[in-house]
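The structure under discussion appears below in the form of structure tokens.
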Amino acid sequence: MAFDKMELKDIEVWDGNFAAAQAMRQCQIDVVAAYPITPSTPIVEGYAKFLADNYVEGEFVMVESEHAAMSGCIGAAAAGGRVATATSSQGFALMVETLYQASGMRLPIVLNVVNRALAAPLNVNGDHSDMYLGRDSGWIQFDSYCPQNAYDLNFIAFKVSEDHGIRLPAMVHQDGFMTSHTAQGVQTLTDDVAYNFVGDYKPMNDMLDFEHPVTHGVQTEEDWHFEHKARQHNDLMTKVFPKIEEVFADFEKLTGRKYNIVEKYDIDDADVAVVCMGTSVETAREVATEMRAKGIKAGVVGIRVIRPFPFMQIAEALKDIKAVATLDRSAPGGTVGMLFNELAGCMYNLEKRPMLCGKIYGLGGRDLTKAHLVELFTELQANVDAGKITTPLQQFIGVRGPKLSYL
């Protein structure tokens, strides 16, 4: 049965969830296996309605848990289908076992993750705890700063993930409620243009190709397990970046919208900079511009691709910066934040090593305000003026009660 085409305006007012659902519709996915969880529910709910209204051909499978949702996606992808789903928080945590199965079997599944705090205490609002939980699972991870990004990066994720030289699953992250439920103008693609950009799905090593039998999920033990994981890591680090850059360039030619693995704003002549992800990037950019009017040369680095982690690109961006602060939106649980740790590794061998401090912010949906960032940029400039770190290396921004700082 033929499906109907949906007519879109050049600019639609969508929140991040609906933008992701529309992108999934336009990619014409074969199977979506899903279990709803706040704040990602509208993505799969929207897709289910598109299917009911005959805007997509395929199967929508409601399962009994998020573990089952990813398991269903793994089975469908192994059978040779284009597959996607969405989740958040506790649901993502329940999926973790299966995430390693998907990447280890080289299945190009796309997972929209609407980032939300992990319990306990229970919290439905956004932080990056779930994002950080999945960072070593062997998936490619893209980060959206706004609904437009959530729309665009889905197409990019499918095109990168499904390339036969890559064949690794990909996540598209967006901040819970801040992006997922905030409506903005989104520049759209027509159905035909969007689908043609992603292209027809070409299965590889699919289990339903009975002329070429394959085995998925084999047991290897010490004889080949190391080689398998080493090869997977090698491909992540050496093949994925060039493919992402290629697809970013193709997308820019198609739409005029430019994406970079590391997004740099006012960095070329900056003395101080913050490194962050998600919706905080846009807020930090606005404050950095205001700080420049006050005489502080401030810049911002936004991480667009979280995994593989862009060590060389970040080191290049920060090589001339004098003082840097990382913004981690996840409780570090007895260590420094992930970005602080990763950036320390990026910059350790630089000839001129910037001063580095880490900030923990926004846990459980707590706002990061412009006033917080003004204070942060001012503090970084004080470090530059003093020629040394003048405050503890790790501080919590906006926490109630006594200030918390460590190291």
Inset, instruction - Verify, without hydrogens or angle tests, whether Ser180 (side chain) and Gly176 (backbone) share a donor-acceptor contact under 3.5 angstrom. - result: no

Inset, instruction - Could you check Ser405 against Gln394 for side chain to side chain contact (heavy atoms under 4.5 Å, CB included), going step by step and ending with a plain yes or no? - result: CA-CA 5 Å; Ser405 59; Gln394 180 169 268; over 6 Å; no

Inset, instruction - Determine whether Lys9 and Thr188 make a side-chain contact, defined as any pair of heavy atoms from C-beta on separated by less than 4.5 Å. - result: no

Legend entry - Donor-acceptor contact present, side-chain Asp271 to main-chain Lys297, <3.5 Å: no

Inset, instruction - Answer yes or no: does atom CZ of Phe311 have more than 12 heavy-atom neighbours from other residues, nucleotides or ligands under 6.0 Å? - result: yes

Legend entry - Heavy-atom closest contact (Cys346 atom, Ala315 atom, distance): O-CB, 3.6 Å

Legend entry - pair Arg116-His128: side-chain heavy atoms closer than 4.5 Å: no

Legend entry - Expected output: side-chain Thr190 to main-chain Val193 donor-acceptor under 3.5 Å: yes

Inset, instruction - With the side chain counted from C-beta on, respond yes when Gln90 and Leu118 share a heavy-atom pair under 4.5 Å apart, and no when they do not. - result: yes

Legend entry - Steps toward side chain to side chain contact (heavy atoms under 4.5 Å, CB included) verdict (Leu111, Val172): CA-CA 6 Å; Leu111 172 62; Val172 178; over 6 Å; no

Inset, instruction - For Ser330 and Asp328, test the side chains for any donor-to-acceptor distance below 3.5 angstrom and give the result as yes or no. - result: no

Inset, instruction - Evaluate side chain to side chain donor-acceptor pair (under 3.5 Å) for Tyr195 paired with Asp200, printing each intermediate quantity in order. - result: CA-CA 8 Å; Tyr195 185 82; Asp200 293 336; 2.7 Å; yes

Inset, instruction - Kindly determine whether Arg106 and Asp235 satisfy salt bridge (Lys or Arg N to Asp or Glu O under 4.0 Å), including the steps that lead there. - result: CA-CA 11 Å; Arg106 307 297 289 261; Asp235 288 354; 3.1 Å; yes

Inset, instruction - For Asp191 and Gln26, indicate whether the former's side chain and the latter's backbone hold a donor-acceptor pair under 3.5 Å. - result: no

Legend entry - Donor-acceptor pair, side chain of Asn123 and main chain of Asn125, under 3.5 angstrom: yes

Legend entry - Residue pair Ile109 / Met70, side-chain heavy-atom distance below 4.5 Å: yes

Inset, instruction - Measure the shortest side-chain to side-chain distance between Leu343 and Leu318 over non-hydrogen atoms and say whether it is less than 4.5 angstrom. - result: yes

Legend entry - Worked check of side chain to side chain contact (heavy atoms under 4.5 Å, CB included) between Asn112 and Asn154: CA-CA 8 Å; Asn112 279 276; Asn154 266 272; 2.9 Å; yes

Legend entry - By side chain to side chain contact (heavy atoms under 4.5 Å, CB included) - contacts of Val31 (at least two apart): Glu59, Val61, Ala76, Val83

Inset, instruction - State whether Lys370 and Glu286 are salt-bridged, where the test is any N-O pair (Lys NZ or Arg NE/NH1/NH2 against Asp/Glu carboxylate O) under 4.0 Å. - result: yes

Inset, instruction - Check whether more than 12 heavy atoms from other residues, nucleotides or ligands sit under 6.0 Å from atom CG of Asn234, and answer yes or no. - result: yes

Inset, instruction - Answer yes or no: are there more than 12 heavy-atom neighbours, outside His233 itself, under 6.0 Å from its atom NE2? - result: no

Legend entry - Side-chain (Glu263) to main-chain (Asn260) donor-acceptor, under 3.5 angstrom: yes

Inset, instruction - Dump the intermediate steps for salt bridge (Lys or Arg N to Asp or Glu O under 4.0 Å) on Asp192 and Lys5, then the final yes or no. - result: CA-CA 9 Å; Asp192 288 340; Lys5 296 290 182 66; 2.7 Å; yes

Legend entry - Glu227 atom CD, over 12 foreign heavy atoms within 6.0 Å: yes

Inset, instruction - Using the salt bridge (Lys or Arg N to Asp or Glu O under 4.0 Å) rule, take Lys319 and Glu316 through it: C-alpha gap first, then chi angles, then the decisive distance, then the call. - result: CA-CA 5 Å; Lys319 65 181 181 180; Glu316 177 64 25; 2.8 Å; yes

Legend entry - Residues, nucleotides or ligands: over 12 heavy atoms within 6.0 Å of Glu375 CD: no

Inset, instruction - Find the distance between CD (Glu12) and CH2 (Trp14) and round it off to the nearest 0.5 Å. - result: 5.5 Å

Inset, instruction - Kindly say whether Ser89 contributes a backbone atom to a donor-acceptor pair with the side chain of Asp130 at under 3.5 angstrom? - result: yes

Inset, instruction - Go through the steps to decide whether Asp163 and Lys243 satisfy the test salt bridge (Lys or Arg N to Asp or Glu O under 4.0 Å), and finish with yes or no. - result: CA-CA 8 Å; Asp163 184 273; Lys243 174 53 64 173; 2.9 Å; yes

Inset, instruction - Over 60° means perpendicular and under 30° means parallel, so classify the ring planes of Tyr151 and Phe155, tilted if in between. - result: perpendicular

Legend entry - Flag, side chain of Thr369 to backbone of His372, donor-acceptor distance under 3.5 Å: yes

Inset, instruction - Determine, step by step, whether Arg329 and Asn115 satisfy the side chain to side chain donor-acceptor pair (under 3.5 Å) criterion, reporting the C-alpha distance in whole Å, the side-chain angles of both residues, the deciding distance to 0.1 Å, and the verdict. - result: CA-CA 10 Å; Arg329 198 168 195 172; Asn115 294 126; over 6 Å; no

Inset, instruction - Could you tell me whether the side chain of Leu393 reaches within less than 4.5 Å of the side chain of Tyr406, counting heavy atoms only? - result: no

Legend entry - Neighbour count above 12 (heavy atom, 6.0 Å) for Arg257 CZ: yes

Inset, instruction - Dump the intermediate steps for side chain to side chain contact (heavy atoms under 4.5 Å, CB included) on Thr335 and Asn341, then the final yes or no. - result: CA-CA 9 Å; Thr335 184; Asn341 194 43; 5.9 Å; no

Inset, instruction - Identify the two heavy atoms, one from Ala273 and one from Ile267, that lie closest to each other, and give their separation to 0.1 Å. - result: CB-CD1, 3.9 Å

Inset, instruction - Would you please test Asp175 and Thr279 for side chain to side chain donor-acceptor pair (under 3.5 Å) and show each step? - result: CA-CA 7 Å; Asp175 284 358; Thr279 49; 2.6 Å; yes

Inset, instruction - Step through it carefully: locate the ring centre of Tyr145, locate the ring centre of Tyr265, and say whether they are under 6.0 Å apart. - result: no

Legend entry - Test of ring centre spacing under 6.0 Å for Phe251 and Phe197: yes

Inset, instruction - May I ask you to establish whether Arg353 and Tyr348 are in a cation-pi arrangement, using a distance under 6.0 Å from NZ or CZ to the six-membered ring centre and at most 45° from the ring axis? - result: yes

Legend entry - Passing option when Phe142 is tested against Ile244, Val110, Ile306, Ile261 for side chain to side chain contact (heavy atoms under 4.5 Å, CB included): Ile244

Inset, instruction - Measure across Asn383 and Thr391 and return the closest heavy-atom pair with its distance rounded to 0.1 Å. - result: OD1-N, 4.5 Å

Legend entry - Ion pair Glu162/Arg82, N-O distance below 4.0 Å: yes

Inset, instruction - Using only heavy-atom distances, determine whether the side chains of Gln219 and Glu221 contain a donor-acceptor pair under 3.5 Å. - result: yes

Inset, instruction - Given side chain to side chain donor-acceptor pair (under 3.5 Å), test Asp152 with Tyr259 step by step and report yes or no. - result: CA-CA 10 Å; Asp152 294 345; Tyr259 288 94; 2.6 Å; yes

Legend entry - Side chain proximity check, Val274 to Val301, heavy atoms < 4.5 angstrom: no

Legend entry - Neighbour count >12 (heavy atoms, 6.0 Å) for atom CE, Met178: no

Inset, instruction - Using modelled atom types only, decide if a donor and an acceptor are shared between the side chain of Ser144 and the backbone of Cys146 within a distance under 3.5 Å. - result: no

Legend entry - Polar side-chain atom of Asp143 near backbone of Val305 as donor-acceptor pair, under 3.5 Å: no

Inset, instruction - Tell me, yes or no, whether the heavy-atom count around Lys322 atom NZ, taken from other residues, nucleotides or ligands under 6.0 Å, exceeds 12. - result: no

Legend entry - Min side-chain heavy-atom separation Met171-Phe92 under 4.5 Å: yes

